[in-house]
Colleague: 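Can you keep this structure in mind? I'll have questions shortly.
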Amino acid sequence: MAKSVALWLIENTKLTFRQISDFCGMHELQIEALANGEGNVAAVDPVMLGQLEKEEILRCETDQNASLIVNSKNFLVRKKAKTYVSLAKRKEIRNGVLWIVRSCPDLKDADIIKFIPTTKNTVCSIRLGTYWDMKSLVAKNPVFIGLCTQEDLDQLVALNEKRKYFFSKS
């Protein structure tokens, strides 16, 4: 999807290759190759996807040193497909939630719920320390428990960092 968005930005804006590469997470040479017509990619409008606002593109077109900022209102975590969680792992879910709450305390409960199959009440009570079995919980990395992949965990942390960066600029 990054290549598609980059191609649209190349074709429809006056942004520099550096600005596009920073936004899409690609190297400038990859952006240049897309501009030269290499690759078989269809362009996708990031404004229609909700990743950018038109005003943000116009702001960065006038200032070549400015960086594009993701529209945080529509930037959501990809929801995992519902999968079966064995009985043994169900008991470990709460340990994974405790680990995430401790390692990223400013992460929203809704994002944790999308990331790990649990309820909002469980996340809130673990966060507040009022969970009924709090004494027996041990913080465990959800990747090691088998509740998620490292890629999913990295995506959750990246979302948290982007939100912190975006709201610290505002």
Colleague: State, yes or no, whether a side-chain contact exists between Ile57 and Leu9 at a heavy-atom distance under 4.5 Å.
Modeller: yes
Colleague: When rounded to the nearest 0.5 angstrom, what is the spacing between CD in Gln51 and SG in Cys24?
Modeller: 8.0 Å
Colleague: To the nearest 0.5 Å, what is the distance between SG (Cys60) and CG (Leu68)?
Modeller: 4.0 Å
Colleague: Among the clusters formed by ILVMFWY side chains lying less than 4.5 Å apart, do Ile126 and Trp132 turn up in the same one?
Modeller: yes
Colleague: Are Leu58 and Ile69 connected in a single hydrophobic cluster, I mean Ile/Leu/Val/Met/Phe/Trp/Tyr linked by side-chain heavy atoms less than 4.5 Å apart?
Modeller: no
Colleague: Tell me whether Val157 shares a hydrophobic cluster with Ile113, the cluster being built from Ile, Leu, Val, Met, Phe, Trp, Tyr side chains joined at under 4.5 Å.
Modeller: no
Colleague: Set out, in order, the CA-CA distance, both residues' side-chain angles and the distance that settles side-chain contact (heavy atoms from CB on, under 4.5 Å) for Leu147 and Ile93, then state yes or no.
Modeller: CA-CA 7 Å; Leu147 294 174; Ile93 288 173; 3.8 Å; yes
Colleague: Shortest non-hydrogen contact from Gln30 to Met26?
Modeller: OE1-CB, 3.4 Å
Colleague: What do the steps show when you test Phe23 against Val5 for side-chain contact (heavy atoms from CB on, under 4.5 Å), and what is the final call?
Modeller: CA-CA 10 Å; Phe23 177 73; Val5 170; 4.0 Å; yes
Colleague: State the CG-CG distance between Asp111 and Leu159, to the nearest 0.5 angstrom.
Modeller: 5.0 Å
Colleague: Start with the C-alpha gap between Leu153 and Trp99, add the side-chain angles, then the distance that decides, and say whether side-chain contact (heavy atoms from CB on, under 4.5 Å) holds.
Modeller: CA-CA 12 Å; Leu153 184 60; Trp99 187 88; 4.0 Å; yes
Colleague: I'd like to know if the side chain of Arg18 reaches the main chain of Glu28, judged simply by a donor and an acceptor atom lying under 3.5 Å from each other, with no hydrogens or angles considered.
Modeller: no
Colleague: Which heavy atom of Leu98 sits nearest to which heavy atom of Ala139, and what is that distance?
Modeller: CD2-N, 3.6 Å
Colleague: Would you indicate whether Gln150, at its atom CD, is surrounded by more than 12 heavy atoms from other residues, nucleotides or ligands within a distance under 6.0 Å?
Modeller: yes
Colleague: Check this for me: does any side-chain nitrogen of one of Glu56 and Arg59 sit under 4.0 Å from a carboxylate oxygen of the other?
Modeller: yes
Colleague: Locate the shortest heavy-atom distance separating Ala43 from Glu11; write the atom from each residue and the value.
Modeller: CB-OE1, 3.8 Å
Colleague: Taking all heavy atoms of Ala35 and all of Phe17, pick out the closest pair and write down the distance.
Modeller: CB-CZ, 3.7 Å
Colleague: Given side-chain contact (heavy atoms from CB on, under 4.5 Å), test Asp133 with Arg94 step by step and report yes or no.
Modeller: CA-CA 10 Å; Asp133 198 16; Arg94 294 172 286 282; over 6 Å; no
Colleague: Could you report the tightest heavy-atom contact between Phe115 and Leu156, atom names first, then the distance?
Modeller: CD2-CD2, 3.6 Å
Colleague: Between Gln19 (side chain) and Ala66 (backbone), is there a donor-acceptor pair under 3.5 Å?
Modeller: yes
Colleague: Exactly one of Ile112, Ile100, Thr122 should register a side chain to side chain contact (heavy atoms under 4.5 Å, CB included) with Arg127. Which one does?
Modeller: Ile112
Colleague: Counting only N and O atoms by type, is there a donor-acceptor contact under 3.5 Å from the side chain of Glu38 to the main-chain atoms of Ala33?
Modeller: no
Colleague: I need the single residue from Thr16, Leu15, Ile10 that forms a side chain to side chain contact (heavy atoms under 4.5 Å, CB included) with Thr13. Which is it?
Modeller: Leu15
Colleague: Please check if the side chain of Ser4 supplies one atom and the backbone of Ala42 the other of a donor-acceptor pair under 3.5 Å.
Modeller: yes
Colleague: Considering non-hydrogen atoms only, spot the tightest contact between Val41 and Leu7 and give its length.
Modeller: O-CD2, 3.2 Å
Colleague: When rounded to the nearest 0.5 angstrom, what distance separates CH2 in Trp8 from CE in Met48?
Modeller: 10.0 Å
